[in-house]
Amino acid sequence: MEAGSGYNSVPPSTSFDKSRVLDVKPLRSLKPVFPSASEIPPFVCGPPNGPFPSGFTPFYPFSVSQGSPMQMPMGPVPTPLRAFRSTQSPESSRAFDGDDGMDGNADGYFDGQKRGAPLRGSSSSQRKTPKNRDTKPSLSYAARKASVTVFVGDISQVDRDDGNREVVNRVLMRFDALRRRLSQMEDAKELSNGIIKRADLKAGNLLMSKGIRTNMRRKIGAVSGVEIGDIFFFRIELCVVGLHAPSMSGIDYLIVRDALDQEPVAVSIVSSAEYGDVEDGDILIYSGQGGNFGKRDKQATDQKLERGNLALERSFQRGNEIRVVRGIKDVANPASKVYVYDGLYKIQESWTERKSGCNIFKYKFVRMPGQPVAFAAWKSIQKWKEGFSSRVGLILPDLTSGAENIPVSLVNDVDGEKGPAHFTYFPSLKYSKSFDLTQPSFGCNCRNACQPGDPDCSCIRKNEGDFPYTSNGVLVGRKPLIHECGPTCPCFPNCKNRVSQSGLKVHLEVFKTTDRGWGLRSWDPIRTGTFICEYAGIVIDKGKGKQGGEEVENDEYVFDTTRVYNSFKWNYEPALLEEESSNDSEEEYKIPSPLIISAKNLGNVARFMNHSCSPNVFWQPVLYEHNNQSFLHIAFFAIRHIPPMTELTYDYGTAHSDEAEGSSALNRKKKCLCGSSNCHGYFG
DNA sequence: GAAATCTCACGTGC
DNA sequence: CGCACGTGAGATTT
């Protein structure tokens, strides 16, 4: 998961990644580097040479030797570039830029890298205007043009150039938090400077202009910190993590220069099924760009062998690896797409076809063997859903027996156990005794659906004037308490402020894990902030005292808001929008009223969610009126985008030490098997 | 000649 | 359905 975690400071000179980059063997020859020249396919758009003969060596533009097929090989290393760039003083950047001993050994170089070198602009301009002692790194042209104040945030120069898992996650979290906030403002039309039409672009652009991005150093092959199977919901997300630089175009390429010549080489593509691309498992037939196909008011023309098309052609000849991102229709949101990073492919064939009387380029991409499944898994899930093939190990198609509006599968494909111990499925909370009527509550007066930004809606006012969810039902931010509309509100059941009370939205599966009993995961991709389920069960009355306490202590299926939980940051940073920070820090939320729920005998899917020290789900108290009684609910939301079939986990927290009477609390602690790099070892 | 600036192509997401 | 948008490469200007 967190492999390669963070160089936050200057890495040692033996550092792997930078070496690769620095140790660029200039491409002296434009011919592919194959063991035998006789095996080089001729430069024609012809049939491929099929499976490569044994002894075929993958072509690595950066390398001298061949490492494992999935990894860029690493050679002996000169001092990393970083060492010269780690300080941001003009002197050091000049040293880097001017020292031709460094990159001057290259009579050719990757233009992309040079361009990606963030200090290039400032160091060169400093040469011209030495008075400019601005130590801020130079950013994009657009950023400079708009004279945006450069705010470096907590992304170091090193992380900006080359990412790792942690940095990629952090950048994506910050992107989505900002995006949700901008969507919220857009929904409420509270933006004075005109309406934001594209919150995704706005958020992405803002982050990138402030240097909150990673993997700016463009390269062929894997991108550090982005894993096969990772999912994205916006094209601009691919830009901020450096997986695919163009915000629109489907083909990303570098210009590879030689002393005599230069040519484009493809590094990544984004395939959208609607573009006429044929997709099946490990094969992808990709169409070239240009030609105005499928555009309403434009005449189709021949595609030209230039730009992306030329890059693909050259990549076909070179046999270099190309990252493939597959765009798939989002089941939860059919108007938009999910982008799945499907790993490295090579082009095996290239040809032209006729379409509407014009030429169109076609490329056959074949997936490199030995990579974890990603897109292929989506295909399987699709087949399960359509009933064409059944899920292996399926025990029950719906363990809720219709109690939820979406079936929940029960699956065991690891051993012979036929299901979890008996319990009664119930989708919500049960209070053992009736609630006091001391706090009568009143709903809003909205007639059909509460409108974001409506100052008259009392439910919105209870949320400090902010509608808690975006228009597509995603939670905007964590709060001590979210107020949803309830039965006393006259608004429709489909009011957007009823997200957590309207039941499951993703197809969940209770499955047998290899070492942690039963667990919960989803067939559908889940985007950050999506409601997953609530914690159902019987509310334990703490007033029962000792008896109740013992009851809770022997209960593995208990949820308790009063435990100690790791703090974490999920909300947007007000400073990015030049807003004042609110007083209550997200890290120190106080739970409004204690709530203990037992799901031992009665509960829903939430009782199967396991603990993790690096969870992908968090819980959030939600309140809505229920027959004039205040009922608190615990709703679970996705911390980040969760690819299908990824186990859903949350932080179980730990018991208060002062509650540890004798060794009982200690005994209750369980060895944690979450496997994350920051695992605390025990939980409970 | 090189750097700064402009223009164009590329679809997406609402 | 039509609008507005960011990026990188190449063209053009300074």
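Numbered from 1 within each chain, the chains take letters A, B, ... in sequence-line order.
- Residue A:D200 has its side chain nearest to B:dG13 when only B:dG13, C:dC5, C:dG8 are considered.
- When the nucleotides C:dA9, B:dG13, B:dT12 are ranked by their closest atom to the side chain of A:R218, C:dA9 comes out on top.
- Proximity note for A:Q289 (side chain, C-beta onward) versus B:dT12, C:dG6, B:dG11: the nearest is B:dG11.
- Listed nucleotides C:dA4, B:dC10, C:dT7 differ in distance to A:S249; the shortest reach to its side chain belongs to B:dC10.
- Between A:F234 atom CZ and C:dC5 atom P there is a gap of 17 Å when expressed in whole angstrom units.
- Nearest to the side-chain atoms of A:R198 among the listed nucleotides C:dA4, C:dG6, C:dG8 stands C:dA4.
- Residues A:K210 and A:E573 are not paired through a salt bridge, judged by the lack of any N-O separation under 4.0 Å between the basic side chain and the carboxylate.
- Comparing A:I236 and A:G250, the nucleotide of DNA chain B nearest to each residue sits closer to the 5' end for A:G250.
- Along DNA chain B, the nucleotide closest to A:N333 and the one closest to A:P246 are compared, and the more 5′ of them pairs with A:P246.
- The distance between atom CG of A:L182 and atom C1' of C:dC5, rounded to the nearest whole Å, is 14 Å.
- As rounded to whole Å, 11 Å separates atom C1' of C:dG8 from atom NE2 of A:H244.
- Electrostatic pairing of A:D524 and A:K505 does not count as a salt bridge here, judged by no charged N lying under 4.0 Å from a carboxylate O.
- Rounded to whole angstrom, the span from the CG atom of A:N205 across to the C1' atom of C:dA4 amounts to 13 Å.
- In this entry the distance linking CD of A:E306 with P of B:dA9 reads 9 Å, nearest Å.
- For the residue pair A:Y572 / A:E579, a side-chain donor-acceptor distance below 3.5 Å is found, with atom types taken as modelled.
- Note that CZ of A:F531 is 7.0 Å distant from CG of A:L504, once rounded to the nearest 0.5 Å.
- As a whole-Å value, the separation of A:Y253 OH from C:dG8 C1' is 7 Å.
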### Message
Before you tell me yes or no, could you show the steps for A:N320 and A:S315 under side-chain hydrogen bond (donor to acceptor under 3.5 Å, both in side chains), namely the whole-Å CA-CA distance, both residues' side-chain angles and the distance that decides it to 0.1 Å?
### Response
CA-CA 6 Å; A:N320 69 285; A:S315 288; 2.9 Å; yes
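- Residue A:L201 contributes atom CG, which lies 11 Å from atom C1' of B:dG11 at whole-angstrom precision.
- Fit an axis to the five pairs at each end of the helix from B:dA2-C:dT14 to B:dC14-C:dG2 and the two axes sit 30° apart, to the nearest 10 degrees.
- Picking from B:dT12, B:dC10, C:dG8 the nucleotide with the shortest atom distance to the side chain of A:M248 gives B:dC10.
- Between the CG atom of A:N309 and the P atom of C:dA9 there is a distance of 15 Å, given to the nearest Å.
- Annotation: the span from A:T470 atom OG1 to A:E186 atom CD amounts to 10.0 Å, rounded to 0.5 Å.
- Annotation: salt bridge (Lys or Arg N to Asp or Glu O under 4.0 Å) contacts of A:R235 (sequence neighbours excluded): none.
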